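A short worksheet on the structure shown next.
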Amino acid sequence: MNKNIFFNFFFNISDKVVFVIMLLCLSCLFLGLLFGFFFAPSDYLQKDAFRIMYVHVPSAYMSILIYVIISFFSILYFFGGNVLFDFIADSSSKIGALFTFIALVTGSIWGKPMWGTWWVWDARLTSELILLFLYLGYIGLRNSINNKHLAANVCSILNLVGTINIPIIHYSVEWWYTLHQKSMMSKFGNFSISSEMLLPLIFILIGFFLFYLLSVIISVKNEVLLIKYNGIFNSGFK
Amino acid sequence: MINYILSKLNMHGYGIYIFLSYFITFFLLFIYLLFLLYKRRIINNFVFENKSFKDSNGFKKNKS
């Protein structure tokens with residue numbers, strides 16, 4: 001497979017699509033916040049505190065989704081060997097760690113008024129914390145190895161081993177008796193919240209996904225620029 | 001007027017928690033985006049103008 005095809009693709013389209021994605025992302029976030037604050041009714045039990053859900057839940061979803069995406073591109077790199085796949089996995093890991101951190105912090109802030117404590121060693125919270133450590137381990141390991149090809153392979157293995165944590169996070173609220181509430185989506189198309197509350201959530205989820213795409217495109221373009229400057233042989237890849 | 005806005009922002013006593021969570025989220029995302037764009041600016045500086053970090057004079061374009 002010719003590496004230049006992917007390189008030139010990113011080099012040519014990235015700047016053109018970044019602006020469009022940024023506009024779409026801002027529109028989705030604006031609509032989500034507008035509906036979330038002014039149209040979604042208060043929860044009968046949690047009152048207005050439930051509005052923290054609109055940043056907490058999409059960040060948590062993104063943290064899991066990005067980890068799966070990294071696994072996908074890690075496998076592709078492992079078997080295909082295209083450097084661009086590794087760039088995508090690398091740049092995804094940073095934004096994934098950020099979303100995981102946001103999910104943990106906003107969850108903690110939500111937990112204080114609802115549970116009366118900032119943190120409990122609950123199955124869902126602990127497994128999400130382990131996910132953050134996996135992300136940090138992934139980033140740290142990659143930066144500690146000078147040979148980038150070796151680093152990419154080692155990180156792929158670490159990532160694939162850590163994938164076992166993903167179903168644990170998702171099913172932790174069903175497997176164990178936890179303080180954390182159960183998932184809103186038990187099955188596809190079967191939501192346990194009203195559509196007025198769900199609509200802003202979907203908008204912000206799309207907005208966060210577009211933000212993720214935006215950050216990955218910018219990061220990968222940065223790496224491609226460095227490769228073009230240094231040359232593939234001097235970049236640490238073979 | 002100020003009291004009215006504060007009472008609206010209070011949101012049943014959870015205003016500070018809602019504000020904190022939204023502020024932290026969007027602040028971190030904004031800073032991360034700025035970091036990426038700044039990195040792009042630095043890379044552009046020495047890729048397209050073939051300047052090293054040392055020569056770029058604090059990452060500013062050398063007009064001479």
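Only a predicted model underlies this, so the values are computations on that prediction, with no experimental measurement involved. So you know, we letter chains A, B, ... as the sequences are listed, proteins then strands, and number each from 1.
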request  = Count the heavy-atom pairs under 4.5 Å between each of A/Ile52, A/Leu33, A/Leu29 and chain B, then report the option with the highest count.
outcome  = A/Ile52

inquiry  = With a 4.5 Å cut-off on side-chain heavy atoms, are A/Thr106 and B/Ile24 touching?
reply    = no

inquiry  = List the residues meeting salt bridge (Lys or Arg N to Asp or Glu O under 4.0 Å) with B/Lys39, not counting sequence neighbours, and say none if there are none.
reply    = A/Glu223

task = Sort B/Tyr32 into side chain, backbone, both or neither according to what part of it lies under 4.5 angstrom from a heavy atom of chain A.
result = side chain

note = Checking A/Ile204, A/Val55, A/Val105 against B/Thr25 for side chain to side chain contact (heavy atoms under 4.5 Å, CB included), the one that qualifies is A/Val55

request  = Tell me, for A/Leu98 versus chain B, whether the close heavy atoms (under 4.5 Å) come from the side chain, the backbone, both or neither.
outcome  = side chain

task = Could you tell me whether A/Phe101 atom CZ has more than 12 heavy atoms of other residues or ligands within 6.0 Å of it?
result = no

task = May I ask you to name which of B/Leu20, B/Leu36, B/Leu29, B/Leu37 has the most heavy-atom pairs under 4.5 Å with chain A?
result = B/Leu29

key: Inter-residue atom distance B/Phe19.CZ - A/Ile109.CD1, 0.5 Å rounding   = 10.5 Å

request  = Measure the acute angle between the ring planes of B/Phe26 and A/Phe208, then classify it against the limits of 30° and 60° as parallel, tilted or perpendicular.
outcome  = perpendicular

ask   = Can you tell me how far the OG atom of A/Ser215 sits from the CZ atom of B/Phe35, to the nearest 0.5 Å?
value = 11.5 Å

query = Do A/Leu225 and B/Arg40 have side-chain heavy atoms sitting under 4.5 Å apart?
reply = yes

remark   = Of all heavy-atom pairs linking A/Arg51 and B/Tyr22, the shortest is O-OH, 2.6 Å

ask   = Do B/Tyr14 and A/Phe50 come within less than 4.5 Å of each other through their side chains, counting heavy atoms only?
value = no

ask   = Does any heavy atom of chain B fall under 4.5 Å from the side chain of A/Ser91, the backbone, both, or neither of them?
value = backbone

